[in-house]
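To find a chain, count down the sequence lines: A is the first, B the second, and so on, and within it residues start at 1.
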Amino acid sequence: MKFGIFYEISVPRPWENDIEHTVYHRCLEQVRLADEMGFHSVWAVEHHFLEEYSHCSAPELFLTACAMQTKQIRVGHGIVVCVPQFNHPIRAAERAAVLDILSDGRLEFGTGRSATWTELGGMDANPDETKETWDEYTRTIPQMWTNERYGYKGRAFRMPTRAVLPKPYQKPHPPMWVAVSSPGTEIDAAERGMGSLGLTFGGFAEQEEKVKRYRSTIRNCEPAGAFVNERVATVNFLYCHPDNETGIKTGSRLTGSFGYLAAQLLPVREVHPTRSYPNPGLLAATRQQAAQNPGEGVSAPEGVCIGNPDRLVEEIKKWESCGVDQINFLLNALETIPQEEVLESLRLFGEEVMPHFRDDQPATTSQPRETAAAAAGGD
Amino acid sequence: MPINGNADPGQLTQYAPSMASLDTEALTLPDVKVLQVIYEIDDSVMAELLPPALHPTIPPTMHVIGLRADDGPLGAFTLAIVRVGCRAAVRPRGLPTRAVCTAGDAASALEQRWGFPITIGEPVLRERYDRQSIEVNDGNVAVLSAQLVDPVPIGNGDLLYTAGMHIATVEREGETKPWLVQVDPEFEVSRADRGQAQIDAFDSVFWDAPDLRPVYPIVASYTTANITLPRIRYICDPLQPAISGTVAL
């Protein structure tokens, strides 16, 4: 089991008194501590226009700062929006390669397509086409990384042959992931030989089913990249405190605030009916967490990592038994928890919870395609 | 935390009905034609359109809804509704500002049993091959003309309709005051189209939302559905955040 931290970078109103500057630098302080504590990775989302919920529109810059201030922790794009109106695929490939170089080969490359009208409408993107454009990106970006020159003529974009530069530091390229929020997307990840980067807060039974489907499908995958990245990560909240009741109470403020914010956004499916978004996705899932009044929750939902170290060890072992390889933790939302308490929670987790879990995988799963396929039971 | 509405509920009740009872039986209306046109609205006044119980969506939205029942337990009727898209705590909702219904049993039932802010009028829902439209005139003046243009079929399960929060004056526990009445109909869709949203006429003063201004089309849908109007299960104090002001009946 590996552990990561996961940033939406939530900024409360009023947006004055340098609050965004303060929040960003608090996040960087948390990342430095997470690096010291031995966390595997820091992930940052790409979101646009999501008031208070996420002010993380340029994750590659935030992650570059993370890389410059840390030694070991890997930096995860979680995710790059693979829609032309958001990111041209050439620019996505270039920026990722630079981040991989500057971080000395610590990049994890997540891909996705956005799930809100707030964002897709704001960028004038067509929700009907995002699945197709995402698919093209996942197959072309690795080609840009691994071929000296590359040309392409497709549906989402075309380019005459050019050298897309620089090339990533990791060879053949950084591990690739797919954001999994809607049920069934884990199959998309598996079919392409990519990691499943879970972004919803589901329970154990749901996750176990997803992992089973993912593992069985990936055996026969056609990798989008040069190798198979068979890993399952899920997202969770983290608030660890010596006193279980205090941990749950404070952590519930975090989960409630996050879910409440998420619910104010407009999921594609609510206003723009399309087969491309058959499920409400992330937002609906987070609403389950928000069912409690923010600030008044007293019980911890199944699998949520809030409470004392003993409770967290118990919950994480259950996640481990579901087949999850990595848990990425959200540490704060709306600055609900004071920075010193967030740091204390991270320290306590690092000292008293992490030692219970062996980290027996290499830091990266970059490996030749044949080796990975064989390891996964394929031909 | 998210922005709350700041409208005085008393200002939102010009067309709000008085509901003598909240003990409403469910009722199914068969084969209703439903046109829904969704627009983003001017955000500078979004909080002024909603009571403190509700949050504007991000971005703020309005729903123009036209319904036509050619038969059924309430007889034939046509209804046009304008709603402001919102959230009651974490729940997707729409707040009707005014509704115009053809005269008959439907108008009184919708008003008295489910709290629709009904005015009697002559809304017209038209179905053409290249478009569907809902139109309302006030005298000779068009106060609403909204269309779905270039329909294409979509899956019956691709659509979501959000519940309404209907402001109505209710006598409860010896006190008469405005409440938000949650009306969450069930839609059993048998045919669905989607197309471009287009609003050609909208008189915000007529629709009792003087500052409401549609600015950016999202999408329009047109369906045939069996609609079950529900028993009233929840009401909400318009002055309190819905998370604390909601009452189960």
Subject >> Partner chain A: residue of B:A89, B:S221, B:P241 with the largest heavy-atom pair count (under 4.5 Å) >> reply: B:A89
Subject >> Heavy atoms of other groups near A:E20 CD, more than 12 under 6.0 Å >> reply: yes
Original post:
Salt bridge between A:K131 and A:D188, side-chain N to carboxylate O under 4.0 Å?
Top reply: yes
**OP:** Would you indicate whether B:E186, at its atom CD, is surrounded by more than 12 heavy atoms from other residues, nucleotides or ligands within a distance under 6.0 Å?
**Re:** no
Original post:
Is there a side-chain contact between A:T118 and B:P59, using heavy atoms and a 4.5 Å cut-off?
Top reply: yes
Original post:
Under 4.5 Å between any side-chain heavy atoms of B:D193 and B:V152, yes or no?
Top reply: no
Subject >> Which portion of B:T162 sits near chain A, non-hydrogen atoms under 4.5 angstrom >> reply: side chain
**OP:** Could you tell me whether A:R155 and A:E136 have a side-chain N and a carboxylate O separated by less than 4.0 Å?
**Re:** no
Original post:
With a 4.5 angstrom heavy-atom cut-off, which part of B:Y161 approaches chain A: side chain, backbone, both or neither?
Top reply: neither
**OP:** Heavy-atom pairs under 4.5 Å with chain A are the metric here; pick the option from B:E40, B:H63, B:Q36 that has the most.
**Re:** B:E40
Subject >> Toward chain A, the part of B:I38 with a non-hydrogen atom under 4.5 Å >> reply: side chain
**OP:** Using a cut-off of under 4.5 Å on heavy-atom pairs, state which of B:L159, B:I154, B:I218, B:T57 scores highest against chain A.
**Re:** B:I218
Original post:
Under a 4.5 Å heavy-atom cut-off, does chain B meet the side chain of A:E52, its backbone, both or neither?
Top reply: side chain
